[in-house]
Amino acid sequence: MAEKTWVRMVTAQTPTNIAVIKYWGKRDETLILPVNDSISVTLDPAHLCTITTVAVSPSFDQDRMWLNGKEISLSGGRYQNCLREIRARACEVEDKEKGIKIAKNDWEKLHVHVASYNNFPTAAGLASSAAGFACLVFALAKLMKAKEDNSELSAIARQGSGSACRSLFGGFVKWIMGKAEDGSDSLAVQLVDEKHWDELVIIIAVVSSRQKETSSTTGMRDSVETSLLLQHRAKEVVPKRIKQMEEAIKNRDFGSFAQLTCADSNQFHAVCLDTCPPIFYMNDTSHRIISCVEKWNCSEGTPQVAYTFDAGPNAVLIAHNRKAATQLIQKLLFCFPPSSDADLNSYVIGDKSILKDAGIEDIEDVEALPPPPEIKDAQRCKGDVSYFICTKPGRGPDLLSDESLALLHPETGLPK
């Protein structure tokens with residue numbers, strides 16, 4: 001290593017993902033090995049992502065991390081697993097311009113600083129830990145010039161948060177549960193990229209951005225130990241659904257895709273209820289959103305929208321196309337208008353062009369919306385949804401070369 005004090009930095013952006021065939025239950029808690037395969041859709045990082053800057057310097061005396069501006073401990077087993085695995089794969093790094101030379105075996109002695117920022121609520125059932133660990137592993141791999149491809153990196157990200165392995169690719173992604181005891185074959189592969197089915201539009205109803213009462217880790221452990229339905233689901237149901245879902249995605253068959261997505265979400269929440277003690281992730285607003293979608297799909301005779309809920313009350317609604325998404329936002333805004341003091345601009349975020357297509361420019365337009373004809377005596381539940389995010393399937397992780405986007409100072413390696 002050159003003697004002069006220097007800071008080497010890398011900044012990356014990683015998307016979050018939403019499972020359409022759910023991961024729920026581990027067969028190995030330490031290595032985070034699942035009891036079944038799962039499939040997810042990656043969301044557009046422009047609307048939902050984690051940005052992480054990682055830095056290394058001989059002047060750092062310990063590994064440190066800041067999440068959304070607040071320092072957090074890196075001593076947890078999951079962070080340590082990711083750091084250890086990437087360090088073991090680090091290669092020689094040389095930057096003559098900055099006078100940096102790091103030999104392969106120097107990495108064991110060097111400390112890193114990590115700063116991470118989520119542009120969406122953390123731990124509210126929007127897979128923030130998935131994007132976070134995927135981004136940490138991807139950025140560290142680039143910092144240390146690891147040669148592993150994204151599938152191999154996904155097996156490391158998995159050891160931080162199971163669903164993180166699926167955030168290393170864009171489009172639709174499959175997490176193969178694997179059979180090996182060491183977890184070496186439990187990794188993610190891309191089924192199709194984000195351009196394959198680009199007419200899909202995704203609207204997320206953020207029902208609550210508070211932290212959930214039962215963490216996914218605790219909930220999964222309880223389900224594995226007590227739910228007979230989980231055992232049946234993992235052995236009998238999911239293997240068939242995975243094949244059908246792969247086929248539906250490949251053929252862009254929205255009817256099959258919607259039926260499988262809704263059924264799998266409902267079965268996941270049924271497993272939660274079948275757990276002892278029972279777990280309630282959805283609330284009354286979640287149930288009303290399901291009812292809205294089911295009634296509309298039924299009245300059309302063919303599915304227009306699929307719904308799926310992770311471990312939280314937020315609804316992820318996947319519309320068949322732009323036209324269906326426009327109608328969906330009108331129905332949602334009729335049933336769940338913003339509270340009186342809300343501003344439409346902060347109530348519907350992300351891709352606002354869908355509002356424009358729906359002819360909605362201000363709160364007066366929301367108030368003038370007609371009730372959905374398929375819902376008898378449709379009621380308006382003001383303030384029950386915190387806000388909506390309009391997005392679409394998106395790409396995988398990316399390096400950000402613009403230094404102004406870095407979260408750490410280039411000279412000190414401390415948060416800006």
Side-chain angles (χ1 to χ4, degrees), residues 12-23 37-50 118-120 125-128 130-131 134-135 138 150-151 154 157 163-175 188-206 241-242 244-262 264-265 293 303-310 314-326 328-329 348-354 357 388-398:
Q13 177 188 57
T14 304
T16 186
N17 71 79
I18 297 290
V20 290
I21 301 290
K22 302 295 186 191
Y23 147 56
D37 291 351
S38 55
I39 292 176
S40 61
V41 58
T42 299
L43 304 181
D44 187 344
H47 310 129
L48 289 140
C49 75
T50 295
N118 294 329
N119 69 351
F120 58 97
L126 282 177
S128 56
C135 206
F138 182 78
N150 282 14
S151 238
S154 79
S163 46
C165 70
R166 297 188 309 242
S167 274
L168 280 149
F169 294 99
F172 283 90
V173 184
K174 178 183 180 180
W175 174 10
V189 293
Q190 187 179 57
L191 295 175
V192 294
D193 69 15
E194 64 277 14
K195 296 185 189 79
H196 171 78
W197 204 350
D198 59 359
E199 60 265 41
L200 296 177
V201 177
I202 299 167
I203 298 176
I204 301 169
V206 179
R241 273 190 189 155
I242 289 279
Q244 292 165 334
M245 182 59 90
E246 286 190 53
E247 204 58 24
I249 291 165
K250 190 176 90 182
N251 299 324
R252 295 186 280 268
D253 170 0
F254 191 78
S256 300
F257 172 82
Q259 187 271 320
L260 289 162
T261 299
C262 298
D264 205 69
S265 176
V293 172
Q304 302 301 304
V305 176
Y307 57 78
T308 187
F309 293 77
D310 275 351
N314 305 322
V316 178
L317 305 166
I318 306 172
H320 185 193
N321 52 28
R322 190 87 183 176
K323 185 183 170 207
T326 304
L328 176 63
I329 199 76
V348 180
I349 63 171
D351 178 5
K352 292 177 192 286
S353 66
I354 292 163
D357 288 3
F388 293 101
I389 306 168
C390 299
T391 185
K392 62 182 192 290
R395 57 184 162 72
D398 245 344

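Please read all numbers here as calculations on a predicted model, not as lab measurements. Position 1 is the first residue of the sequence; numbering continues from there.
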Query raised in the report: Going by heavy atoms in the side chains, are Asn321 and Phe254 under 4.5 Å from each other?
Result: no

Report task. Drop me the distance from Ile203's CD1 to Leu328's CG, to the nearest 0.5 angstrom. Result -> 4.5 Å

**Report entry** Nearest non-hydrogen partners of Ala248 and Phe257, listed with the distance
**Finding:** CB-N, 3.9 Å

Requested in this report: Calculate, to the nearest 0.5 Å, the distance between atoms CG and CH2 belonging to Asp253 and Trp197 respectively.
Outcome: 6.5 Å

Requested in this report: Mind listing the closest non-hydrogen atom pair of Cys165 and Ala188 along with its distance?
Outcome: O-CB, 3.1 Å

Requested in this report: Report yes or no: do Asn17 and Thr42 form a side-chain donor-acceptor pair below 3.5 Å?
Outcome: no

Query raised in the report: Taking NZ, NE, NH1 and NH2 as the nitrogens, is one of them in Asp264 or Lys22 under 4.0 Å from a carboxylate oxygen of the other?
Result: no

Report task. State the OG-CG distance between Ser167 and Asn150, to the nearest 0.5 angstrom. Result -> 11.0 Å

**Report entry** Under the ring-ring contact (aromatic ring centres under 6.0 Å, His included) test, residues paired with His47 that sit two or more places apart
**Finding:** none

Query - Contact summary for Ser163 and Ala130, nearest pair of heavy atoms - result: OG-CB, 3.6 Å

Query - Heavy-atom pair with the smallest gap, counting every atom of Arg252 and Glu199 - result: CD-OE2, 4.4 Å

Query raised in the report: Would you call Phe172 and Met245 a side-chain contact if the rule is heavy atoms closer than 4.5 Å?
Result: no

Report task. Look up atom OG1 in Thr14 and atom CG in Leu168, then write down how far apart they are to the nearest 0.5 Å. Result -> 6.5 Å

**Report entry** Test item: Asp44 side-chain N/O and Lys392 main-chain N/O as donor-acceptor pair under 3.5 Å
**Finding:** no

Report task. May I have the step-by-step check of side chain to side chain contact (heavy atoms under 4.5 Å, CB included) for Val20 and Ile318, ending in yes or no? Result -> CA-CA 10 Å; Val20 290; Ile318 306 172; 4.1 Å; yes

Query raised in the report: Would a 4.5 Å heavy-atom cut-off, applied to side chains only, mark Leu48 and Ile204 as touching?
Result: yes

**Report entry** Any residue meeting salt bridge (charged side-chain N to carboxylate O under 4.0 Å, His left out) with Asp198, in chain and number order, not counting sequence neighbours
**Finding:** none

Requested in this report: State whether the number of non-hydrogen atoms from other residues, nucleotides or ligands found under 6.0 Å of Lys323 atom NZ is greater than 12.
Outcome: no

Requested in this report: Report yes if the side chains of Leu43 and Ile389 come closer than 4.5 Å at any heavy-atom pair, otherwise no.
Outcome: no

Query raised in the report: Testing Thr261, Ile21, Ile202 for side chain to side chain contact (heavy atoms under 4.5 Å, CB included) with Thr308, which one passes?
Result: Thr261

Query raised in the report: Looking only at heavy atoms, what is the nearest atom pair of Gly396 and Pro15, with distance?
Result: C-CD, 3.8 Å

Report task. Could you pull out all residues at least two apart from Asp357 that satisfy side chain to side chain contact (heavy atoms under 4.5 Å, CB included)? Result -> Arg322, Thr326

Query raised in the report: To the nearest 0.5 Å, how far apart are CD in Glu247 and CG in Leu260?
Result: 11.0 Å

Query raised in the report: How far does CZ of Phe169 sit from OG of Ser154, to the nearest 0.5 angstrom?
Result: 6.0 Å

Query raised in the report: Hey, is the main chain of Ala258 close enough, under 3.5 Å, to the side chain of His320 for a donor-acceptor pair?
Result: no

Query raised in the report: Any idea which heavy atoms bring Phe309 and Asn314 closest together, and the distance?
Result: CD2-O, 3.2 Å

